[in-house]
Amino acid sequence: QVQLVESGGGLVQAGGSLRLSCAASGRTFGSYGMGWFRQAPGKEREFVAAISWSGGTTYYADYVKGRFTISRDNAKNTLYLQMNSLKPEDTAVYYCAQRGGTSAYARSRDYTYWGQGTQVTVSS
């Protein structure tokens with residue numbers, strides 16, 4: 001059974017940084033593409049970043065490009081999201097997700113497994 005557990009969320013002032021982690025278990029982590037999504041209150045879930053199985057390919061939503069960095073450590077079965085220059089509009093619950101294939105995709109429907117999410121709140 002695949003389990004994804006996010007951590008690292010919290011309250012931070014605008015301009016600050018946070019690093020999210022997603023610990024994966026249940027199948028060979030290094031064989032699958034991974035992604036980060038977020039959902040703000042009253043809004044639909046949206047794509048943040050994605051990474052291929054090897055880490056060689058990454059994609060970012062335009063609204064986080066240059067500020068967020070997705071990475072993975074396959075030896076530790078862990079996915080990361082380094083978030084810098086945070087803005088109040090980044091406030092949301094952040095979810096990690098795992099695909100059934102190796103590539104990085106931006107569509108939530110391409111992901112099979114989801115974590116429970118971690119809250120990120122950015123104050124102005």
Side-chain angles (χ1 to χ4, degrees):
Q1 181 177 352
V2 174
Q3 191 170 22
L4 302 173
V5 180
E6 302 94 337
S7 62
L11 174 64
V12 64
Q13 288 188 332
S17 298
L18 282 175
R19 188 194 197 199
L20 304 184
S21 298
C22 173
S25 62
R27 60 177 186 171
T28 307
F29 175 76
S31 296
Y32 303 100
M34 299 290 296
W36 286 99
F37 293 78
R38 69 187 186 186
Q39 187 167 19
K43 295 187 177 181
E44 293 188 353
R45 185 166 53 192
E46 62 182 11
F47 169 72
V48 174
I51 189 167
S52 62
W53 69 277
S54 66
T57 300
T58 57
Y59 295 121
Y60 295 92
D62 287 343
Y63 37 81
V64 305
K65 200 171 294 183
R67 300 187 297 123
F68 290 11
T69 302
I70 188 171
S71 62
R72 65 190 300 162
D73 186 335
N74 288 344
K76 295 183 178 180
N77 293 340
T78 303
L79 176 73
Y80 302 100
L81 184 69
Q82 177 67 43
M83 305 186 295
N84 298 329
S85 302
L86 282 161
K87 304 175 181 180
E89 50 264 44
D90 294 318
T91 296
V93 176
Y94 283 71
Y95 299 90
C96 73
Q98 187 176 74
R99 294 197 60 243
T102 59
S103 303
Y105 277 76
R107 299 175 305 187
S108 60
R109 65 174 186 243
D110 290 314
Y111 290 79
T112 305
Y113 299 101
W114 294 82
Q116 292 300 306
T118 185
Q119 176 70 47
V120 171
T121 303
V122 184
S123 63
S124 57

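Basis for what follows: all heavy atoms, side chains included, without hydrogens, waters or symmetry-related copies. Just so we're clear, the structure is a prediction, and the values are computed from it rather than from any experiment.
- Nearest approach of Gly35 to Leu79, heavy atoms of both residues: O-CD2, 3.9 Å.
- Here CE of Met34 is found 12.0 Å from OG of Ser52. Values are rounded to the nearest 0.5 Å.
- Listed by chain and residue number, Lys43, Ala92 satisfy the side-chain contact (heavy atoms from CB on, under 4.5 Å) test with Ala40 (two or more places apart in sequence, or in another chain).
- Hydrophobic clustering of Ile, Leu, Val, Met, Phe, Trp and Tyr side chains at less than 4.5 Å, counting indirect connections, unites Trp114 with Val93.
- Cluster annotation: Ile70 is connected to Leu86 through the hydrophobic network of ILVMFWY side chains, with a link wherever side-chain heavy atoms come within less than 4.5 Å.
- Proximity of a side-chain donor or acceptor of Thr91 to a complementary backbone N or O of Val122 within less than 3.5 Å is detected.
- For Val48 against Val64, the heavy-atom pair with the smallest separation is O-CG2, 3.5 Å.
- Using a distance-only test at 3.5 Å, with no hydrogens or angles considered, a donor-acceptor pair links the side chain of Trp36 to the main chain of Tyr80.
- With contacts defined as side-chain heavy-atom distances shorter than 4.5 Å, the pair Phe68/Asp90 qualifies.
- Under the 4.5 angstrom side-chain criterion for Ile, Leu, Val, Met, Phe, Trp and Tyr, Val5 has no cluster partners at all.
- Inter-residue side-chain proximity for Gln98 and Phe29 is flagged as met; some heavy-atom pair is nearer than 4.5 Å.
- In the displayed structure, Gln119 atom CD is contacted under 6.0 Å by more than 12 heavy atoms of other residues, nucleotides or ligands.
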side-chain contact (heavy atoms from CB on, under 4.5 Å) assessment of Tyr32 paired with Tyr113 | CA-CA 11 Å; Tyr32 303 100; Tyr113 299 101; over 6 Å; no
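- Heavy-atom minimum distance, Ser123 versus Leu11: CB-CD1, 4.3 Å.
- By the criterion of side-chain heavy atoms lying less than 4.5 angstrom apart, applied directly or through intervening Ile, Leu, Val, Met, Phe, Trp or Tyr residues, Leu18 is grouped together with Ile51 in one hydrophobic cluster.
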Using the side-chain contact (heavy atoms from CB on, under 4.5 Å) rule, take Tyr63 and Glu46 through it: C-alpha gap first, then chi angles, then the decisive distance, then the call.
-> CA-CA 11 Å; Tyr63 37 81; Glu46 62 182 11; 3.5 Å; yes
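- Applying the salt bridge (charged side-chain N to carboxylate O under 4.0 Å, His left out) rule to pairs touching residues 3-32 yields nothing, sequence neighbours excluded.
- Side-chain N or O atoms of Arg72 include none that pairs as donor or acceptor with a backbone N or O of Gly33 at under 3.5 Å.
- For the atom pair CG (Asn74) and OG1 (Thr28), the distance works out to 10.0 Å, reported to the nearest 0.5 Å.
- With rounding to the nearest 0.5 angstrom, the CD atom of Gln3 is 10.0 Å from the SG atom of Cys22.
- Considering every non-hydrogen atom in both Arg99 and Asp110, the closest pair reads NE-O, 3.2 Å.
- A ring-ring contact (aromatic ring centres under 6.0 Å, His included) check over residues 82-110, counting only residues at least two apart or in different chains, returns nothing.
- Residues satisfying the ring-ring contact (aromatic ring centres under 6.0 Å, His included) criterion with Tyr60, sequence neighbours excluded, are absent altogether.
- Looking at every heavy atom in both residues, Leu81 comes nearest to Ala49 through CD1-CB, 4.3 Å.
- The minimum heavy-atom distance between Met83 and Val120, with the atom names listed, is CE-CG2, 3.9 Å.
- In terms of the ring-ring contact (aromatic ring centres under 6.0 Å, His included) criterion, residue partners of Tyr111 (sequence neighbours excluded) are, by chain and number, Phe37.
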